[in-house]
Amino acid sequence: MAALMNENAIAGKPARVRLAGSDLLGVAIVIAAAIAGYFLFPNNLALLTRIISIALLVLSLDLVTGYCGVATLGHAALYGAGAYAAGMAAVHFGITDPLAMMAVGILAGTAAGLLSGVIVLRAHGLPQLVLSIAIVHLFHEAANKASSWTGGSDGLASIAPDPLLGLFEFDLWSRTAYVFGVVLLLVVLIVLRLVVRSPFGMLCRGIKEDPIRIRAMGASVHGTIMRMYAISGAVAGVGGALNAISTQVVGLDSLSFTLSAEALVMLVLGGTGSLYGALIGTVSFLWFEDIVSAANPFHWLTIVGALLILVVLFAPRGLYGTASAFLERRQEARR
Amino acid sequence: MRRIIMAALAAVSLGGMAHADTIKVGVIGPFSGPFALQGKNFKAGIDAYMAMHGDTVGDDKVEIIYRDVPAPDPAQSKALAQELIIKEGVQYLTGFYFTPDAMAVTPLLTQGNVPMVIMNAATSAIVTKSPFVVRTSFTLWQTSTPIAQVARDKGVDKVMSVVSDYGPGVDAENAFKAAFTAAGGTVVEAIRMPLSTNDFSPIMQRIRDSGAQAVFAFLPSGPTTLGFVKAYNQNGLKEAGIQFFAPGDLTQESDLPALGDTALGILTTFHYSVAHDSPENKAFVEAASRAIGNPAELSFPAVGAFDGMHVIYKMIEATDGEQDAQKAVDAVKGLAWESPRGPVEIDPESRHITENIYLREVAKSDDGTYYNKEIQTFEKQGDPGLAAAN
Amino acid sequence: MQTVLSIAVDALAYGMVLFVISIGLSVTMGLMRVVNLAHGAFAMIGGYIASYAARDLGVGYGVAVLIAVFGTILIAIPIERLLYRRIYGAPELTQVLMTIGITFCIIGIANFVFGPTLKTIPLPPELQGSINLGFRAVATHRLFAILCGLVVAGALWYLIEKTAFGVKLRASVDNAAMAAALGVRTQIVYAVSFAIAIGLAAFGGVVGAELLPVEPYYALRYMVTFLVVVSIGGAGSIPGALLACLLLGGIDTTGRYLMPEFGEFFFYLAVIAIVCVFPRGLAGRAK
Amino acid sequence: MTSILEVCNLKKAFGGLAVTNNVSLSLNPGDRVALIGPNGAGKTTFVNLVTGNLRPDSGMVRLGGETITGLNPMRRVRKGLVRSFQVTRLFQDMTPAEHVALAILQRDGRSTQMLGHFSHMPDVTAETGELLSKLGLHDFASSKVSRIAYGQQRLLEIAIALALRPKVLLLDEPAAGVPQSDTGRIEQALAELPADLAVLMIEHDMDLVFRFARRVIVLAAGEIIFDGSPAEVTKDARVREAYLGSYAYVSSVA
């Protein structure tokens with residue numbers, strides 16, 4: 001991908017073509033990676049599905065943190081809302097069609113996003129972080145208290161989704177769940193690419209850099225971020241619902257501060273403010289974690305810590321951010 | 001689709017037969033993170049069993065594969081279980097410290113043709129989720145019920161119950177309440193504290209104000225327990241003669257050195273004390289201490305793991321190394337043996353372990369270490385929790 | 001009335017323990033502008049060293065505290081030189097990533113070296129037991145912690161507001177380039193402030209160990225609490241941190257006493273309310 | 001001609017210190033007014049009061065006959081009261097074309113559109129290109145702002161303001177910080193501002209003031225002490241009194 005982008009730049013094609021080209025390329029690479037994943041790791045599809053689910057959460061976080069500059073350590077509230085809503089729809093209301101569960105998850109995620117947004121936007125910087133932490137703890141505690149609905153700390157079990165489209169069962173190998181997840185991820189990715197490149201996306205990036213300038217253009221900072229929070233909630237809801245459908249259990253961990261913090265770590269690891277950065281961060285973190293924790297289940301945390309430190313030292317803008325900045329510099333040098 | 005699955009399943013089971021010489025056992029537990037100590041105990045129990053009974057059953061070599069789920073995370077647990085079944089080809093799944101992690105895996109068992117031996121997760125309902133679940137640990141109902149009788153015997157009429165607000169805590173509260181009320185006592189107040197509570201002084205003040213003669217408490221082992229027991233002493237409840245009853249998680253052996261004198265005299269009921277006096281236990285403690293490195297870290301999950309391995313070895317024996325979950329589980333229904341904790345039996349109905357529950361008191365030994373001294377035995381206790389749920 | 005007094009005593013004690021542990025973080029975050037999520041890890045190292053010194057070397061409590069504070073600073077110096085120096089002035093999220101990485105490493109190492117069990121720091125006989133206040137008993141150690149908190153608050157205030165070092169520090173914080181131009185060796189000022197913050201973390205870890213026991217996961221378990229305290233107070237403000245600790249201690253204690261079942265709701269709703277009313281913290285410096 | 005911007009008896013005090021004291025002025029379409037005054041005269045506060053970033057203690061602001069005193073800055077911008085900043089406030093990672101397009105889209109109420117890219121909207125690209133060409137920024141339209149010269153960034157500030165099609169434009173030291181060699185281009189841009197636009201410029205550079213303004217208002221200690229033609233300003237005794245010393249060259253210019 002990088003090489004191709006290079007060529008385009010050297011050929012001096014207009015920016016428009018280059019952008020659209022890299023978009024198609026990005027989607028193509030994700031598809032290729034998904035297919036490769038299916039055939040290279042046919043026995044790890046559950047893990048890959050989980051990675052997709054978390055990737056959706058990280059993408060969702062990127063929308064508010066990377067594109068709008070909102071600092072949050074409570075984003076799992078949106079993800080968990082989607083997961084619990086989809087799970088409860090199945091367990092308590094008999095909505096077991098996966099697509100219907102997905103819709104419920106998206107709605108709940110959006111609602112949770114709006115609620116979080118209203119509260120989180122009341123402050124900036126560190127106090128904003130604290131607000132987000134408070135929100136995720138309140139969500140967590142509410143789910144713990146409402147144990148007759150949520151199963152409390154034992155988890156919401158016995159979620160039994162119907163076959164997808166009435167044809168494909170969710171099997172032991174997670175093939176259906178994986179393909180379902182890949183399709184969802186692609187749809188979300190394409191929609192988000194459109195959104196972040198749209199005038200609205202530009203407005204958001206502007207807000208991240210300088211809200212005062214945006215206000216001086218006559219645009220509403222608050223209103224814009226709230227919209228982004230709603231979209232972010234929907235995306236997190238997709239991830240949460242996918243988690244509920246593929247795992248068939250929803251635990252309190254999906255609403256936890258820990259998951260929120262991990263998502264932030266993955267995002268920063270990949271690079272904020274780009275969708276591919278979010279994807280690369282999630283995949284590399286979870287993949288690395290899986291390998292080292294299987295190699296040494298007892299002391300892997302140290303190695304993950306070392307990885308994070310190395311990334312800050314040698315790729316301070318995240319894996320994707322640093323790589324693309326490096327390529328940009330090389331392009332300039334060649335000009 | 002279904003046909004593909006059946007074909008694939010057949011392939012898997014054929015594969016199982018063809019390579020019966022190595023039998024893989026997948027262990028899922030918290031081996032890092034805040035509960036690493038419990039995972040370490042799993043490993044110690046497993047290592048001890050294999051050190052004492054060899055790593056072969058008949059001609060088959062047993063291989064253990066560990067996977068880490070640091071904190072309750074059902075999605076992670078399920079993904080790992082799937083990977084263990086499909087990729088690693090394990091014939092048995094075991095471990096499971098947390099209930100949700102076990103719950104997430106139960107739907108896989110039938111399809112994967114894999115029995116699950118739970119070494120700890122203590123919510124009653126898990127065994128009902130799949131016919132292939134066997135449990136060698138305990139339930140909170142099992143360990144918290146007898147203490148109610150103990151309290152009554154000590155002449156306590158009014159108790160205040162204080163538990164951490166999560167599944168096991170709620171189970172403990174319900175079990176105690178049911179048994180204590182049935183024995184003619186009154187639970188004057190029942191408090192469920194958030195798990196994140198650090199400062200217990202206000203709770204202690206509340207216990208005092210409630211006019212209860214005793215407190216029944218359940219908290220997860222570790223820092224919260226230490227804080228709670230210290231607060232009990234420092235706020236003068238002990239001096240005021242308010243008695244302290246709890247299930248044995250509270251005086252887990254690995255916490256005793258930290259608890260020190262403050263824990264002296266606390267009465268707990270539990271299925272296992274490291275100080276249990278029997279030749280089986282002596283041999284176990286010796287082997288497990290060697291396995292864990294620091295004997296002070298040894299506590300109850302190790303015995304759950306040790307007996308879990310016993311059950312798995314019996315299953316392997318019964319199936320002759322072939323992958324047959326039904327046959328394996330059937331073989332251990334009603335299995336009785338002398339565990340380090342005392343005589344035990346797998347209840348053929350519930351597939352949960354029937355065991356003795358002991359009343360213990362924290363005591364100081366001659367060499368200055370603390371231990372749970374067994375002072376009374378409640379024999380052959382089943383799990384009242386299943387009945388209560390129905 | 002007795003209940004109110006009793007809650008007040010508990011709140012004061014809890015709040016002051018929080019203060020002693022968190023104030024170091026307020027220094028790093030407010031004065032050095034580093035989101036140091038590894039603060040708890042340094043407090044934990046202090047706790048481990050004190051525990052080792054007191055139990056295995058058999059030294060007295062006071063000596064153990066000193067060894068812990070200076071030992072932790074000694075351990076932190078290479079970490080500051082190699083790692084923290086790279087993130088002064090970096091974006092906050094980068095700092096978060098680095099300090100979480102450091103925390104993970106320290107947790108892993110602590111688990112490996114000391115094992116996963118709880119470690120206690122034996123108290124001297126004078127601090128054991130409890131003192132009867134007439135209407136109730138309070139652990140002597142809690143009173144000691146209150147005293148420590150007041151001493152730390154006073155000393156820090158004096159250091160920052162009244163000494164030449166404090167002037168240099170505040171100058172470096174407000175405008176590093178200007179301070180450097182005026183001959184302040186900002187590198188050294190930063191290194192010394194970092195050492196002070198770490199020393200305070202270690203001190204807090206030891207003094208607070210009765211309430212927050214030392215174990216490998218300590219570093220992450222209480223991270224949120226520290227963050228909340230510091231930002232409610234307004235990072236970098238000592239009176240703010242003190243006020244925040246007392247306020248949060250009061251809210252938490254009252255909640256736990258009056259409605260323990262909903263303590264968590266009560267606490268976090270209060271946090272949201274406070275932040276909404278004081279979006280820069282109780283005594284926050286304008287950014 | 002009716003005035004487009006009217007400020008009546010505006011007052012603002014910080015802790016007892018009156019920073020803006022009973023200021024009134026009005027602007028007509030096509031006005032070119034320079035607001036000058038010694039440091040600390042209260043120019044910035046005045047601008048903030050007009051744009052709505054500060055609330056006045058009393059007084060009124062009217063735009064096109066409509067009272068806007070209670071409106072927030074955002075709404076004032078939408079009604080045609082636009083400002084530029086003394087220090088450029090631009091998005092470092094975006095291109096000039098994106099800045100101008102965003103302003104155009106915002107003006108048309110299309111900035112929250114979630115589909116499409118501005119480069120696919122012919123009307124937007126056409127207008128963007130036109131504006132950028134007018135200000136001589138066309139060659140840099142697709143470079144990141146962080147890579148273009150400061151003088152060009154100042155021009156971009158003006159382009160953004162113009163893209164919003166203001167009725168009243170407040171220019172806050174449009175040439176501040178620009179090297180001498182580049183000021184010519186900025187002056188040219190100012191000269192070419194739409195004829196019917198009312199412009200209020202805050203400026204220290206008296207050369208620029210005299211070339212640009214047809215009317216000068218002098219603010220000192222929060223009060224207007226002079227409002228008249230550029231030719232008269234340096235003759236005014238109060239102005240000389242307020243200025244001399246700190247701006248000795250004022251007399252030399254005169």
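Worth knowing before you read on, the calculation uses all heavy atoms, side chains too, and leaves out hydrogens, waters and symmetry mates. Chain letters run A, B, ... following the sequence lines, proteins first, then strands; residues in each count from 1. Note that this is a predicted model, so its numbers are computed, not measured.
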query: With side chains defined as the heavy atoms from C-beta onward, is the minimum distance between B:Leu264 and B:Tyr370 less than 4.5 Å?
result: yes

- prompt: How about residues 202-212 of chain C versus chain B: which residues have heavy atoms under 4.5 Å apart?
  reply: C:Glu210, C:Leu211, C:Leu212

task: May I ask you to test the C:Leu242-C:Met16 pair for a side-chain heavy-atom distance under 4.5 Å?
output: yes

task: Please flag which part of B:Thr197 lies under 4.5 Å from any non-hydrogen atom of chain C: side chain, backbone, both or neither.
output: both

message: Tell me the closest heavy-atom pair linking C:Pro116 and B:Glu297, and the distance in Å.
response: CD-OE2, 3.4 Å

- prompt: Using non-hydrogen atoms only, which part of B:Ala240 is less than 4.5 Å away from chain C: side chain, backbone, both, or neither?
  reply: neither

query: Residues in salt bridge (charged side-chain N to carboxylate O under 4.0 Å, His left out) with B:Asp165, at least two apart?
result: A:Lys145

field: Contact leader toward chain B among C:Met259, C:Arg142, C:Arg256, where contacts are heavy-atom pairs under 4.5 Å
entry: C:Arg256

With sequence neighbours excluded, residues passing salt bridge (charged side-chain N to carboxylate O under 4.0 Å, His left out) with C:Arg55: none

statement: Residue set satisfying salt bridge (charged side-chain N to carboxylate O under 4.0 Å, His left out) with B:Asp249, at least two apart, ordered chain then number -> none

Distance-minimising heavy-atom pair for B:Leu298 and B:Glu253: O-CB, 3.3 Å

field: Residue, of B:Val162, B:Asp209, B:Asp255, that accumulates the most heavy atom pairs under 4.5 Å with chain C
entry: B:Asp209

- line: Most heavy-atom pairs under 4.5 Å with chain B, out of C:Val224, C:Thr225, C:Ile7, C:Thr120, belong to C:Thr120

query: Any idea which of B:Met193, B:Lys40, B:Gln205 has the most non-hydrogen atom pairs under 4.5 angstrom with chain C?
result: B:Gln205

Which portion of B:Asn294 sits near chain C, non-hydrogen atoms under 4.5 angstrom: neither

message: Quick one, B:Ser164 and B:Pro220 - any side-chain contact, counting heavy atoms below 4.5 Å?
response: yes

